[in-house]
Amino acid sequence: MADRLLDWYSASARDLPWRRTRDPYHIWVSEIMLQQTRVETVIPYYERWMARFPTLEALADAPEEQVLKAWEGLGYYSRARNLHAAAREVVARYGGTVPDDPDAVASLKGIGPYTAGAILSIAFNRPVPAVDGNVLRVIARLYAIVDDIAQLATRRTIEELVRAMIPQDRPGDFNQALMDLGATICTPRRPRCLLCPVRDLCEGRRAGRETELPVKGRAKAPRLVERAAAVIEREGRLLIVRRPQEGLLAGLWELPGGDVPPGVGPEEALQTLLRNALGAEVAVGEHLADVTHVFSHLVWHLRCFRAEVVPGTEVAERADVRWVKVDALGAYPFPAIYHKVFERVLPHTAHGGGGRTRRNAQDRG
DNA sequence: CATACGTGGGC
DNA sequence: TGCCCAAGTAT
């Protein structure tokens, strides 16, 4: 198995930016970015990241706001925060050198079993498994494993099967070969079995069951959440607020507002939310846009209104409350839904920054 | 063990 | 359009 995969990998490996190095910091960053994220999506982020934070020390020295800005649009933002914290940990505890000890690597924030295996095998040549979704699929098909791969017991079984076939001399290449095979040949929908280097060893294919494997339970439907947000402008500046340091979209910026309780109108809810959050009375005005955004586990239905601070009350700037020139919004990390919102409610502004904002807005009203 | 945690692309 | 999927981790 290993020989076949390594030969295939030597001939067919994709030329990816993080494969032109074995620097543990570079491998680490790439692996965190690749968690639950496509290679094509990651590539430009990885290139920008390495230009902006060329070394572990540069990352450790950077303020969190800039780290989040560099991650803006990639999603799962705790990855960036954990990577940042872990970089600081490596500088503090290991003098800036990524440890090659399995326990030390695995104890770093944001590094779980898969990522630890990937870093150890790719950067340090350690013969340990790195079992991701691709590997689960490839192995489940190869051995015609019909157990649910969401089960811990099934994952353990697959991890041990992989462990037993890792070649001592090229563990990193082997793990990446397994993942590349899953990404390019042994794909979820229509596996290209005729191109597979191990097709004659595949029990799933022999049984004609390859497209039924792996077995995985269906995801729960996301919960619907009603939200309201205010566009409050004054002298060319827009009022924005920073989200809490924990939970959904932690530490990112957004328009002031919040959840609309069941049975309450969005305008009324908005007025209450802003009174509590900003300590100011606002007059809620014209309805500007509705934007729907789907997260993994919930759906936001966001209703946007223009609003004004009632004369006589003030909204003071704080660490998490800012009046920002609309053409300077690009300095702040916003979640994807707010880029949609800005396209709708600030259509004449060069918002977003960094070249990541989609300029070809859908013109559905 | 189940759930929280983003986003964009493919069919 | 809706659903599934993508190099998972933390709690």
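Quick note on labels: first sequence line is chain A, next is B, and so on, each numbered from 1. Quick caveat: nothing in here was measured; it's all calculated off a predicted structure.
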| task | Look at all strands and tell whether A:Arg19 reaches a base, only sugar-phosphate, or nothing, counting heavy atoms closer than 4.0 Å. | result | base

| query | Between A:Arg19 and A:Gln176, is any side-chain donor less than 3.5 angstrom from a side-chain acceptor? | reply | yes

| task | Pick base, sugar-phosphate or nothing for A:Trp18, based on heavy-atom distances below 4.0 Å to the nucleic acid. | result | base

| message | What contact category does A:Val294 fall into here, base, sugar-phosphate, or nothing, at under 4.0 angstrom with non-hydrogen atoms? | response | base

| said: What contact category does A:Ala336 fall into here, base, sugar-phosphate, or nothing, at under 4.0 angstrom with non-hydrogen atoms? | reply: sugar-phosphate

| request: Using a 4.0 Å heavy-atom cut-off across all strands, classify A:Val39 as base, sugar-phosphate, or nothing. | output: base

| request: For A:Glu40, answer base if it contacts any base atom (sugar-phosphate contacts may also be present), sugar-phosphate if it contacts only those atoms, and nothing otherwise; contact means non-hydrogen atoms under 4.0 Å. | output: nothing

| query | With a non-hydrogen cut-off below 4.0 angstrom, is A:Ser296 in contact with a base, only sugar-phosphate, or nothing? | reply | base

| task | Please determine, for the side chain of A:Pro113, which listed nucleotide (C:dT9, B:dG6, C:dA6) has the closest atom? | result | C:dT9

| query | For DNA chain C, whose closest nucleotide is more 5', that of A:Ala183 or that of A:Ala106? | reply | A:Ala183

| query | A:Leu248 side chain: which of C:dC4, C:dG8, B:dG6 is closest? | reply | B:dG6

| task | For A:Gln35 and C:dC5, give me the distance from atom CD to atom C1', rounded to whole Å. | result | 16 Å

| When you check the gap from the basic side-chain N to the acidic O, do A:Arg306 and A:Glu233 get nearer than 4.0 Å? | yes

| So, does the side chain of A:Thr37 form a donor-acceptor pair with the base of B:dG6 at under 3.5 Å? | yes

| Would A:Arg88 and A:Glu64 pass as an ion pair if we require N to O under 4.0 Å? | no

| message | Under 4.0 Å, counting only non-hydrogen atoms across every strand here, what does A:Leu74 touch: a base, just sugar-phosphate, or nothing? | response | base

| said: For a quick check of understanding: with a heavy-atom distance under 4.0 Å over all strands, which category does A:Arg137 fall into, base, sugar-phosphate or nothing? | reply: sugar-phosphate

| task | Find which nucleotide of DNA chain B each of A:Ala153 and A:Leu252 is nearest to by heavy atoms, and output the residue with the more 5' nucleotide. | result | A:Ala153

| message | Using whole Å, what does the distance between atom P of nucleotide B:dG6 and atom NE2 of A:His297 come to? | response | 7 Å

| request: Could you state the atom-to-atom distance from CZ of A:Arg79 to C1' of C:dT9 in whole Å? | output: 10 Å

| task | Step through it carefully: locate the ring centre of A:Tyr9, locate the ring centre of A:Phe174, and say whether they are under 6.0 Å apart. | result | no

| task | For A:Leu34 and for A:Asn82, find the nucleotide of DNA chain C with the closest heavy atom, then tell me which residue's nucleotide is more 5'. | result | A:Leu34

| remark: Separation of B:dG6 atom C1' from A:Trp71 atom CH2, nearest Å, is 11 Å

| message | What's A:Gly182 touching, base or sugar-phosphate or nothing? Going by heavy atoms closer than 4.0 Å. | response | nothing

| note | Looking only at B:dC1, C:dC4, C:dA6, the nucleotide nearest the A:Arg218 side chain is C:dC4

| Between C:dG8, B:dT7, B:dC11, which nucleotide has the shortest distance from any of its atoms to the side chain of A:Leu249? | B:dT7

| field | Ring center gap for A:Tyr45 and A:Trp49 short of 6.0 angstrom | value | no

| Given atom CG of A:Asp147 and atom P of B:dC1, what is their separation to the nearest angstrom? | 13 Å

| query | If each of A:Tyr77 and A:Ala150 is mapped to the nucleotide of DNA chain B with the nearest heavy atom, which maps nearer the 5' terminus, i.e. the 5' end? | reply | A:Ala150

| said: Heavy atoms only, 4.0 Å cut-off, all strands: where does A:Thr115 land among base, sugar-phosphate and nothing? | reply: sugar-phosphate

| said: Please report the distance, rounded to the nearest Å, between CZ in A:Phe295 and C1' in B:dT7. | reply: 9 Å

| said: So if I take every side-chain heavy atom of A:Arg38 and compare against B:dG6, B:dC1, B:dG8, which nucleotide ends up nearest? | reply: B:dG8

| Contact class for A:Leu136 vs. all strands (heavy atom < 4.0 Å): base, sugar-phosphate, or nothing? | nothing

| remark: Separation of B:dC1 atom P from A:Ile149 atom CD1, nearest Å, is 15 Å

| query | Hey, does the side chain of A:His293 come within less than 4.0 Å of B:dG6's phosphate (OP1/OP2), counting only N and O? | reply | no

| query | Is atom CZ of A:Arg93 surrounded by more than 12 heavy atoms (other residues, nucleotides or ligands) closer than 6.0 Å? | reply | no

| said: In whole Å, measure the gap between the C1' atoms of C:dA6 and B:dC5 for me. | reply: 15 Å

| query | Expressed in whole Å, how much space separates the P atoms belonging to B:dG6 and C:dT11? | reply | 14 Å

| said: Using side-chain heavy atoms (C-beta onward) and a distance below 4.5 Å, is A:Tyr338 in contact with A:Glu254? | reply: yes

| Within this structure, what is the OH-to-P distance between A:Tyr338 and B:dG6, rounded to whole angstrom? | 14 Å

